[in-house]
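Lettering follows sequence order; numbering is per chain, from 1. Below, all heavy atoms of this structure are taken into account, side chains as well, without hydrogens, waters or symmetry copies.
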Amino acid sequence: MDTKQEKEIVEFWEKEKIYKTDLSNKNLFPIDTPPPTVSGAMHMGHAFSYSQQDFIARFHKMKTGVFYPFGTDDNGLPTERLVEKINNVKSKNMSRKEFIELCLKTLKKITPAFVQDWKNLGMSCDFEMSYSTIDKNSQKISQKSFIELYKGGEIYEKKVTTIWCPECQTAIAQAELEDKKLSSLFSTLKFSCDGKDLLIATTRPELLPACVAVFVNPDDKRYTKLIGKKAKVPFFDYEVPIIADKSAEMEKGTGVLMICSYGDRFDVDAINRHKLKPNVILDKNGRLTEGKYKGMKIKEARKKILEDFKNMNLISEQKEISHVVNVHDKCGTEIEFIPTEQWFIKIIDKKKIFIEQGKKIKWYPEFMHKRYDNWVNGLEWDWSISRDRHFGIPIPVWKCDKCNELIFPSEKDLPVDPLEIKKKCPKCNSLAVPESKVLDTWATSSLTPQIASSLVNDKIKLPFSLRPNAHDIIRTWAFYTIVKSYLHKKQIPWENIMISGIVSLGGEKMSKSKGNVIAPQNIIEKYGADALRFWAAGSKLGEDLDYQEKDLVTGKKVINKLENAAKFVFMNLENYRGEKPKKLEPLDELFLSNLNEVVKTITESFETYEYNKARAEIENFFWKYFCDNYLEMVKKRVYQGTGEKKLSAQYTLYNSLLTILKLIAPIMPFVTEKIYQNYFKKNEKVKSIHLCEWPEFDKKKKFSKDFDILIEDLTIVRQEKSEKKLSLNSPIEKFTTPNHKIILSYLDDFKSASGAITIDLGKEHKVNFPKAGTEKVE
RNA sequence: GGACCUGUAAGCUAGCGGUACAACUGACUCGUUUACACCGAGUAUUCCGAGGUUCAACUCCUCGCAGGUCCACCA
């Protein structure tokens with residue numbers, strides 16, 4: 001099995017439409033596949049988590065059938081940047097419509113190569129059933145969602161002070177924030193009160209002209225006398241009130257806190273709480289709008305003002321501190337707080353409901369549910385869904401300046417770009433102003449179940465059976481999807497959610513920014529996708545896995561063993577055409593009953609998302625039971641045997657190998673397909689192993705532990721031989737065992753594998769070699 | 001600071017209230033059979049620490065130590 005063969009199999013699947021959705025099947029298991037962002041290529045984390053979801057998908061495909069589409073997320077900043085780069089354009093210089101058209105065109109060109117990685121990994125999605133979050137259909141669904149929610153009173157527009165990214169020049173959501181450790185200058189400035197110095201420490205001196213108040217802790221004896229008085233802002237020369245507020249921590253800085261509009265989120269709260277009048281001095285580009293430093297960018301102004309203060313001796317102390325600031329996760333820029341008009345979806349009033357909705361979903365693993373609860377409980381703001389970006393799905397609304405009327409397009413006209421269409425106000429007939437903002441990308445990707453079901457004319461309804469979700473986007477993708485599903489349909493979007501862990505390298509998360517990434521494409525090239533998938537099945541769902549290249553060897557060995565076992569089996573099945581003997585030999589019966597138990601265990605494991613258990617179980621059964629012991633015991637019977645006894649072995653070999661292949665097919669789709677095509681297809685009618693039905697557990701079959709006893713005794717024989725440094729096929733004169741009675745039931749096969757001539761009953765195991773037996777036997 | 005997760009052989013991971021047959025990789029010692037040296041057999045080493053519950057704890061509880069993830073902290 002090599003990479004070339006894997007690629008041929010991918011082509012075979014595609015050509016034969018093995019993964020085509022069968023809509024006539026009423027029991028489909030619908031999966032809300034995560035759409036990866038088209039930028040760069042598939043990384044190890046993808047390979048890991050998509051493999052894991054594919055194990056489950058393939059299992060359900062064989063069991064009942066799946067609805068398993070594939071999408072790409074092309075609606076955010078990464079796509080915008082990529083398209084700009086590829087076409088060497090600036091979106092700002094184009095109309096939004098033009099740019100989106102260019103995106104669609106570019107994506108059409110680059111998406112196939114991008115998606116190929118997922119195909120090469122062996123994903124069993126129906127790739128003909130695919131969407132992009134920026135395509136016309138997604139735009140339509142997203143805009144429709146906006147209109148519906150607005151009309152239902154769940155969306156409002158408001159001028160509020162929100163998180164603003166001066167680099168991307170857009171409002172962003174709480175969920176898009178990231179922490180970044182920075183070192184800053186912590187300067188103690190000389191304010192004054194009653195002619196005396198009042199020292200205040202800050203890292204943001206450029207906001208001094210926006211200072212609206214000074215807080216001291218009411219319990220802080222140093223400053224109680226000052227409460228109610230005015231503090232004079234140095235250099236800018238104006239006065240602000242000194243207010244008692246518990247939020248001022250006595251130990252921090254000088255214990256005096258300056259409140260600016262707006263230095264951080266805390267300032268926003270403080271100003272609202274004390275009904276202070278803000279004086280905003282930052283514009284949307286992050287430049288100062290007033291005074292001596294007008295037009296300067298924040299950092300530039302900060303530097304300049306500190307220089308000036310130094311010269312005027314207004315700084316009493318200065319030190320470097322290391323502190324953590326919020327940055328925009330897309331660009332790493334420190335965020336600001338600026339009052340702007342934005343659209344919001346009401347979520348704060350429904351926190352309890354969302355917790356309830358979360359409880360209705362089964363979380364795998366269970367503890368991930370707590371992360372969801374944690375996030376919902378910690379929410380402080382409504383979901384800001386508008387972005388002041390050029391690229392994205394337009395907010396479908398026009399506003400009449402005169403009568404404040406909002407005008408929405410009718411559903412049949414969707415998708416629309418308001419900037420491209422002139423609308424008149426139905427009340428006053430004056431020209432309405434088109435909304436220029438676009439929707440947050442999550443406002444669209446939170447609709448993936450609806451987008452997916454639209455691909456089949458809504459024949460697949462919510463809730464879906466499964467959402468595979470990365471752990472770090474529980475707070476965004478999972479949460480927002482639950483929100484939208486509730487707001488639109490008052491229901492949960494899916495019954496189950498499975499959450500994968502992360503891939504680490506030497507204990508650290510593999511990530512581009514840390515530079516410790518390993519390309520899965522190279523691993524597939526070297527070891528094959530099956531080996532990579534086998535590796536990904538090696539840890540529990542939700543657990544992190546430390547990557548080591550040598551672990552790929554394990555999977556590679558299993559692939560090899562499977563191929564060799566198949567080769568051996570079919571070497572002895574030359575004239576076998578699937579016939580069943582009248583009566584099975586006891587050993588064959590016994591082995592099949594053991595296999596039946598394995599079918600049960602593995603089925604249950606996949607049903608509960610414990611693919612790792614399934615992997616361990618099937619690997620162990622195949623290797624230890626089938627290869628090392630069953631094959632060893634029946635070898636001579638198929639080589640030299642005749643008639644019914646031989647036929648019984650052939651029947652058992654054929655059927656147990658086929659069952660084993662099916663059980664391992666969800667994890668290793670390539671090698672199982674190859675073996676199936678090479679050996680089984682001519683007898684079985686089904687054209688791919690992945691279209692075969694999942695093996696059924698037969699309740700009537702009696703399970704017996706005898707096989708374990710046979711293994712136990714064989715092991716003792718082997719141990720003895722090993723200790724005596726004899727070859728494993730050397731004969732034994734007499735084997736004494738307490739399991740005498742059981743062995744007798746399978747006598748010939750046991751003798752064949754052990755080399756024993758007679759079997760005796762005895763309290764303890766004993767192996768008697770022929771007289772010359774201490775020597776090596778010719 | 002809060003929430004959650006993790007701590008098992010040299011390494012990566014399972015597992016379970018009743019001796020870890022621990023599995024796999026690696027090491028070492030043997031063997032090699034009409035599928036397989038990407039093979040077979042064997043050997044060695046072990047449940048982070050301290051308490052508690054229990055007849056019995058690697059497993060449950062508490063505390064501690066260490067690592068991780070997400071959130072908060074941003075004067």
Practice item. Check for a donor-acceptor pair, side chain of A:Ser316 on one end and backbone N or O of A:Lys190 on the other, with a separation under 3.5 Å. Key: no
Check your understanding: Going by modelled atom types, is there a donor-acceptor pair between the base of B:C38 and the side chain of A:Lys556 at under 3.5 Å?
Key -> no
Practice item. Test the A:Arg615-A:Trp535 pair against the cation-pi criterion, namely NZ or CZ under 6.0 angstrom from the six-membered ring centroid and within 45° of the ring axis. Key: no
Review point. So does A:Lys624 pair up with A:Asp628, basic N to acidic O under 4.0 Å?
Key: yes
Review point. Can you check whether A:Leu189's main-chain N or O pairs, donor with acceptor, with A:Ser187's side chain at less than 3.5 Å?
Key: no
Review point. Reckon A:Ile321 touches a base, only the sugar-phosphate, or nothing at all at heavy-atom distances under 4.0 Å?
Key: sugar-phosphate
Practice item. Select base, sugar-phosphate, or nothing to describe what A:Met258 touches, counting heavy atoms under 4.0 Å on all strands. Key: nothing
**Study point:** Nucleotide B:C36, atom C1' - distance to CZ of A:Phe568 in whole Å
**Key:** 11 Å
**Study point:** A:Ile716 CD1 - B:A41 P separation (whole Å)
**Key:** 14 Å
Exercise for review: Round to a whole Å and report the spacing from CG of A:Leu505 to P of B:G68.
Suggested key: 15 Å
Exercise for review: Answer with base, sugar-phosphate or nothing: what part of the nucleic acid does A:Glu632 contact at a heavy-atom distance below 4.0 Å?
Suggested key: base
Review point. So what does A:Cys627 touch, heavy atoms closer than 4.0 Å: a base, only the sugar-phosphate, or nothing?
Key: base
Point to revise | Watson-Crick and G-U pairing of RNA chain B written in dot-bracket, each distance under 3.5 angstrom, with | for inter-strand partners | key: (((((((..((.(....[...).)).((((((....).)))))....(((((..]....))))))))))))....
**Study point:** Polar side chain donor-acceptor pair, A:Tyr611 to A:Gln52, under 3.5 angstrom
**Key:** yes
Check your understanding: Ion pair present between A:Arg718 and A:Glu632, side-chain N to carboxylate O less than 4.0 angstrom?
Key -> no
Exercise for review: Could you verify whether a donor N or O on one side chain and an acceptor N or O on the other, from A:Ser261 and A:Asn279, lie under 3.5 Å apart?
Suggested key: no
**Study point:** Distance-only donor-acceptor check, side chains A:Asn564 and A:Asn560, under 3.5 Å
**Key:** yes
**Study point:** Under 3.5 Å donor-acceptor pair, A:Asn326 side-chain atoms to B:C74 base atoms
**Key:** yes
Check your understanding: If only side-chain N and O atoms of A:Lys557 are considered, is one of them under 4.0 Å from the OP1 or OP2 phosphate oxygen of B:C39?
Key -> yes
Review point. Taking the C1' atom of each, how far is B:A22 from B:U59, in whole Å?
Key: 14 Å
Review point. With a non-hydrogen cut-off below 4.0 angstrom, is A:Arg204 in contact with a base, only sugar-phosphate, or nothing?
Key: nothing
Exercise for review: Find the distance A:Ile618:CD1 to B:A23:P and express it as a whole number of Å.
Suggested key: 18 Å
Practice item. Check every strand shown and say whether A:Ala566 touches a base, only sugar-phosphate, or nothing at a heavy-atom separation below 4.0 Å. Key: nothing
Practice item. Take the protein atom CG of A:Asp269 and the nucleotide atom P of B:A72, then report the distance between them rounded to whole Å. Key: 13 Å
Check your understanding: Which comes earlier along RNA chain B counting from the 5' end, the contact point of A:Lys624 or that of A:Lys721, where each point is its nearest nucleotide?
Key -> A:Lys624
**Study point:** Sequence-aligned protein contact record of nucleotides 2-15 of chain B, with B where the base is within under 4.0 Å of a protein heavy atom and S where only the sugar-phosphate is
**Key:** -SSSS----SSSSS
Exercise for review: For A:Glu549 and A:Tyr527, test the side chains for any donor-to-acceptor distance below 3.5 angstrom and give the result as yes or no.
Suggested key: yes
Check your understanding: Relative to the ring of A:Phe570, is the ring of A:Tyr679 parallel (under 30°), tilted (30 to 60°) or perpendicular (over 60°)?
Key -> parallel
